[in-house]
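Just below is one structure, and these are the notes that go with it.
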Number of protein chains: 2
Amino acid sequence: MLKNAVDQKASEDDLDEEGIVNRIYEAIIEQRLPPGTKLSEAALCEAFGVGRMRVRRSLLLLASRGVVDLQNNRGAYVAQPTMSQALEVFEARRTIEPNVARLAARRANKADVSDLAAHLDMEAEARRQGNRQLAIRLSGQFHVRLAKVARNEVMERMVKELVTRTSLIIGMYGSAGTKNCHDDEHGDILEALRNMNSEAAASLMEQHLRHIEQEVDLTSERKRQVNLVEILSGEAS
Amino acid sequence: MLKNAVDQKASEDDLDEEGIVNRIYEAIIEQRLPPGTKLSEAALCEAFGVGRMRVRRSLLLLASRGVVDLQNNRGAYVAQPTMSQALEVFEARRTIEPNVARLAARRANKADVSDLAAHLDMEAEARRQGNRQLAIRLSGQFHVRLAKVARNEVMERMVKELVTRTSLIIGMYGSAGTKNCHDDEHGDILEALRNMNSEAAASLMEQHLRHIEQEVDLTSERKRQVNLVEILSGEAS
DNA sequence: TTGACAGAGATTGTTAACAATCCTTTCATG
DNA sequence: CATGAAAGGATTGTTAACAATCTCTGTCAA
């Protein structure tokens, strides 16, 4: 089951740590690995066809980025962000990403704009076809691509981490049917880039992030933790 | 030599990965480990009194944060940020830290303010006594503490990484005599916190970061890389 | 029926030996 | 004397076995 959730393409090509980390990132962003999922070393070894060392190193990297929870003698679990951690992640995104959008608008050339436009097309197409997992991934990837256009690898890495953690948060607190990002808003941001209107890009991004956060906040108290309480609540009273 | 540079206090207490990482962080911030220094596994094992596994895991963490350069089959070296990486780090700091200061000003209570005041006293004292290494470390730590006051661990970790990388940059491009941070500016920021003037805190922080960056930029073309070219240039022409 | 306890099995953490690569020294040669 | 090749040592990368811990199951007693 884990193998199926993580290993989308072929598994014959052996990966390095970065490859493994990215595959798990993607699986988390697409919500194939829900929060709390146990990531046992053996399963990951089989899934990726690598030795235990590689797996352990990858898990350490994921843990250092707050995406995986590494418990002593108990193994690795997909992180279950608390409410306050979720707020911190959104606060960090509102801090960083509007400025990323501003810089992207200043630095985007025509190739960047058409790349992003193509990306939005793929996003719309995935949504049209009802391929929800792909749509979620592309939607998150838009934010990372924007950081790439801003020509700042330091912030790009930060955005990547924050986007992944946001997926975890949506997986825990957001309604499953909710769309991760309104595509129109992505389109609006791209339009600001096209017009080299950096201030518009920044404020559109801020609005966009607030919308994402609101959508999560509204549905918050629902899923909570995947523990005893909810499972037993059916026959408790 | 490495042992001496890294291992300031006693070394009998065995450390976990986080402890090792923090010790190396501090050594880099205090510029006892200049950019390009080789961090051999054996030396670190001896310095910290731990097994090779711990050391390798620590090096991986440091590498994932851009503080250490992990070369294939050649070992770990303290990172030597390029000019463009340096610009990226400063850009990220200007993006994040003014907002951190703003949030800190909103959320600081009296205990926070007096803690920070005590910290500034220590900073001033270290400078007065001419203890340059301690002064540098405390100066960097002020920024991290501010993030702690802002009550956001995600951004706190980011600031910590950026401060460390800034030390590397100053070690490479800045003049050795330069003071890392003007203490008055730290004091001004604290004053803004005391008055709960969040906008002032943000703009003071931005100014402060620009000053640090300017000081580095002015002296830029001097040290560069520590490689063949400079060593051989004495008898090249 | 419920709870506690013990043991087997499974999983993770650690260590040590082995393999592979790199660096330095030495030696031969143009 | 300079250049290049080869051997030796040193360092890193990998694997496999071992130790420690946890989890699950079955049994027994209350």
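- Salt bridge absent: B:Arg145 and B:Glu123 never bring a charged side-chain N and a carboxylate O closer than 4.0 Å.
- Side-chain contact check for A:His186 and A:His119: no donor-acceptor pair (N or O, by modelled atom type) lies under 3.5 Å.
- At whole-Å resolution of the value, CG in A:Leu70 and C1' in C:dT11 are 13 Å apart.
- As a whole-Å value, the separation of A:Arg54 CZ from D:dT12 C1' is 13 Å.
- Side chain of B:Arg74, nearest nucleotide from C:dC23, D:dG13, C:dG13: C:dC23.
- Minimum atom distance to the side chain of A:Arg52 is reached by C:dG13, of the listed C:dG13, D:dT12, D:dT23.
- Considering only side-chain atoms of B:Lys38, the nucleotide from D:dT12, D:dC22, C:dT12 that sits closest is D:dT12.
- Out of C:dT21, C:dT14, C:dG13, the shortest distance to the side chain of B:Asn73 is found at C:dT21.
- Computed from coordinates, the B:Arg56 CZ to C:dG13 P distance equals 17 Å when rounded to whole Å.
- Judged by closest nucleotide on DNA chain D, B:Glu41 is the one of A:Asn72 and B:Glu41 placed further toward the 5' end.
- The distance between atom CG of A:Leu44 and atom C1' of C:dT11, rounded to the nearest whole Å, is 13 Å.
- Residues A:Lys160 and A:Glu153 are not paired through a salt bridge, judged by the lack of any N-O separation under 4.0 Å between the basic side chain and the carboxylate.
- Atom C1' of nucleotide C:dT11 and atom CD of A:Gln71 are separated by 13 Å, given to the nearest angstrom.
- Closest to the side chain of A:Met53, out of D:dT14, C:dT14, D:dT12, is D:dT14.
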Given the rule in the salt bridge (charged side-chain N to carboxylate O under 4.0 Å, His left out) test, do A:Arg132 and A:Glu30 qualify, once you have shown the distances and angles that lead to the verdict? CA-CA 8 Å; A:Arg132 183 166 159 278; A:Glu30 293 185 13; over 6 Å; no
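- One can place CZ of A:Arg57 at 18 Å from P of C:dT12, the figure rounded to the nearest angstrom.
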